[in-house]
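Taking it in order: structure first as C-alpha cells, then the write-up.
Letters go in sequence order (proteins before strands), and every chain restarts at 1.
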There are 2 protein chains.
Amino acid sequence: MMISYRYYNRMMKNDSRTLRPLLDRLFRLSAADAWLGDLTPTQMAALDYLSRANRFSRAPSQVADFLGATRGTVSQTLKTLERKGLVAEHKSKEDKRRIRYDITSSGQTALNGVSQLGSALAELDADQQQALITGLHALLHQLVQTRGSRPFGLCRDCRYHDPSTPQGAFCRLLEVRLEAGEAAQICHEQIAAA
Amino acid sequence: MMISYRYYNRMMKNDSRTLRPLLDRLFRLSAADAWLGDLTPTQMAALDYLSRANRFSRAPSQVADFLGATRGTVSQTLKTLERKGLVAEHKSKEDKRRIRYDITSSGQTALNGVSQLGSALAELDADQQQALITGLHALLHQLVQTRGSRPFGLCRDCRYHDPSTPQGAFCRLLEVRLEAGEAAQICHEQIAAA
DNA sequence: ATTAATAGTAGCGATTCGCTATAATTGCAA
DNA sequence: TTGCAATTATAGCGAATCGCTACTATTAAT
C-alpha cells in the first residue's frame with residue numbers, strides 16, 4: 001500500500017502531539033496529589049532513586065543523569081533531603097571529590113505513601129496493566145537510546161555481572177564482590193547483557 | 001486460590017512503586033529536551049491545551065483544572081505567554097470577570113517542534129504504540145475518576161452534543177451553535193455520552 | 001439591599017532549573 | 001616531578017513554578 005509523504009508527516013505529528021500532552025497531564029495530575037509527605041515531586045523522585053540504586057550509583061552526578069537534570073539542581077535537592085534527615089552524606093575516602101547519599105530509615109518511611117496513580121492502575125485489567133508497563137518500558141528504552149543517556153538497568157541484567165564466583169556475586173567491571181541484594185539494585189554503569 | 005492480605009499489599013505497593021517512577025522518569029527526560037523553543041514545560045503544556053480547547057474552555061480556571069495546578073500559578077503562566085506574544089487576552093463582555101486566552105499564529109508555530117518522545121514512540125511496533133496510547137488513556141480515565149476532576153473530553157463525544165440540527169452542530173448544555181471544527185476540540189464541560 | 005459565591009490576580013516563601021563560575025581533587029603527560 | 005586538563009561538587013544569578021493567603025471585581029442568591 002502506498003502512503004504519501006504528506007500523510008506520513010501528519011501521522012508523525014499526530015503521534016508527537018498525542019503522547020506528550022497525555023503523559024504530561026498524567027504526570028501533572030499525579031504530581032498534584034503527591035505533595036503529601038512535605039516532599040516536592042522532584043525530591044520524591046530523587047529519594048526514590050536513592051532507595052533503588054546501588055552504592056556505586058548514589059552520587060549527585062548520577063542522580064542528575066538519571067533524572068535528566070543538571071548537577072547544580074540535584075546538588076541543592078540532595079542538600080534539602082539531607083536537612084530533612086531523609087538521606088545521609090557519605091564522603092568517599094578513595095576519591096575525596098566523591099559524595100554518596102544513603103537513604104535513612106526515615107527516608108524509607110517517607111516513600112511508603114500510596115500514590116493515586118497506583119490505585120488507578122489497579123483498576124485496570126491485569127493484561128492491560130501488563131501491556132501498559134511493558135509499553136512504557138519499551139518507550140523509555142527508545143528514549144534513552146535516542147538521547148544517548150544511560151539505561152540505569154539492574155545490576156543482575158548487566159554484561160559484567162557474574163552471579164556465581166567462589167566468593168558469591170561479582171562485578172567484573174568495578175572488580176568488586178557484591179553484597180546480598182545488590183544484584184537487584186539500579187546501577188549507573190549497567191550495560192545490558194548480550 | 002487463596003491470596004493473603006500481606007501478599008496483596010505487597011503487590012499494590014509494588015505497582016505503585018513501579019509505575020510512578022517510570023512515568024516520572026519518562027516525563028523528566030522528555031522535559032529536559034523540551035526547552036528548545038524558549039518555553040518551559042509548563043508553558044508548553046498550557047499552550048498546547050489552549051490550542052486544543054474550545055472557546056468556552058480557555059479561561060485561567062479551566063487551564064488550572066486541566067493541568068492540576070492552582071489558579072494563581074496558571075494566571076502567572078498565561079501572563080508570561082501573553083508577554084511572549086503566543087496568546088492573546090480576550091475579555092468577556094457578558095461576564096466582566098471572565099478572561100479567555102486565544103492562541104496566536106506565533107503560538108501555533110511554537111508548538112510545531114518535534115519531541116524526542118514522539119520519535120521514540122515511532123520506533124515501536126504499530127500495535128505496541130496503539131496498546132500504549134490506549135493504556136495511557138485508560139489510566140488517565142481512572143485517575144480522573146478517583147480525583148473527581150473533569151475528563152476534558154472532546155465536544156463531539158459529549159452527551160449534550162447534537163451533530164445535526166437545521167442550523168448545524170449544536171451544544172444543548174450551553175445552548176449555542178457550534179462553529180466548524182469546534183466539535184473536535186476539548187471542552188471543559190464535556191460529559192461522556194451514554 | 002445585603003450576602004454569598006465566583007473569577008482573576010498580587011504577593012510571599014520555598015523550590016526547581018539552566019547557566020556560569022569556583023574550589024578541590026585526581027589523572028595524565030611532558 | 002611538575003604542570004595542566006578533566007572530574008566532582010557546590011555557590012550564586014535570574015526566571016519560572018507552585019501552594020498559599022489575601023484582595024478586588026463582578027455576578028447570583030436570598
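The side chain to side chain donor-acceptor pair (under 3.5 Å) pairs that include a residue from residues 175-184 of chain A are Arg55(A)-Glu182(A), where partners are two or more places apart or lie in different chains. Annotation: side chain to side chain donor-acceptor pair (under 3.5 Å) contacts involving residues 76-85 of chain A, sequence neighbours excluded, comprise Gln43(A)-Lys84(A), Lys79(A)-Glu89(A), Thr80(A)-Arg83(A). Among residues at least two apart or in separate chains, there is no side chain to side chain donor-acceptor pair (under 3.5 Å) pair with a member in residues 150-168 of chain B. Every pair tested for ring pair (Phe, Tyr, Trp, His ring centres under 6.0 Å) that includes a residue from residues 90-141 of chain A fails, sequence neighbours excluded, so the list is empty.
Applying the ring-ring contact (aromatic ring centres under 6.0 Å, His included) test to Phe152(A) and every residue at least two apart in sequence or in another chain returns Tyr49(A), Phe66(A), His188(A). Considering only residues two or more places apart in sequence or on other chains, Arg28(A) meets the salt bridge (charged side-chain N to carboxylate O under 4.0 Å, His left out) condition with Asp24(A). With sequence neighbours excluded, no residue satisfies side-chain hydrogen bond (donor to acceptor under 3.5 Å, both in side chains) with Ser75(B).
At the phosphate of dT17(D), OP1 or OP2 sits under 4.0 Å from a side-chain N or O atom of Thr40(B). Using a 4.0 Å cut-off, no side-chain N or O of Thr80(B) falls inside it from OP1 or OP2 of dA15(D). Dashed line: the shortest gap from a side-chain N or O of Thr42(A) to OP1 or OP2 of dT15(C) is not under 4.0 Å.
Between Arg100(A) atom CZ and dT8(D) atom C1' the separation is 16 Å, expressed in whole Å. Here the P atom of nucleotide dA6(D) and the CZ atom of Arg98(A) are 17 Å apart, to the nearest Å. Counting to the nearest Å, the P atom of dC18(D) and the CG atom of Leu78(B) are 12 Å from each other. Protein atom NE2 of His90(B) is 17 Å distant from nucleotide atom C1' of dA7(C), rounded to whole Å. Atom-to-atom, CD of Glu82(B) to P of dG8(C) comes out at 15 Å; the value is rounded to the nearest Å. As a whole-Å value, the separation of Lys79(B) NZ from dT9(C) C1' is 8 Å. As rounded to whole Å, 9 Å separates atom P of dA7(C) from atom NE2 of His188(B). Between the CZ atom of Arg83(B) and the P atom of dG14(D) there is a distance of 17 Å, given to the nearest Å.
At the heavy-atom level, Arg28(A) lies under 4.0 Å from the strands shown only through sugar-phosphate atoms. Gln76(A) comes within contact range of at least one nucleobase, with a heavy-atom separation under 4.0 Å.
Placement of Phe27(A) and Leu22(B) in two distinct hydrophobic clusters is found when ILVMFWY residues are connected by side-chain heavy-atom separations under 4.5 Å, directly or transitively.
Applying side chain to side chain contact (heavy atoms under 4.5 Å, CB included) to Leu121(A) and the options Leu143(B), Leu23(B), Leu19(B) leaves one that passes, Leu19(B).
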For nucleotides 25-30 of chain D, just jot down a letter per nucleotide in 5' to 3' order: B, S or -, based on protein non-hydrogen atoms under 4.0 Å.
BBS---
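Within residues 47-75 of chain A, the residues that have a heavy atom under 4.0 Å from DNA chain D are, in order of number, Ala59(A), Pro60(A), Ser61(A), Arg71(A), Gly72(A), Ser75(A).
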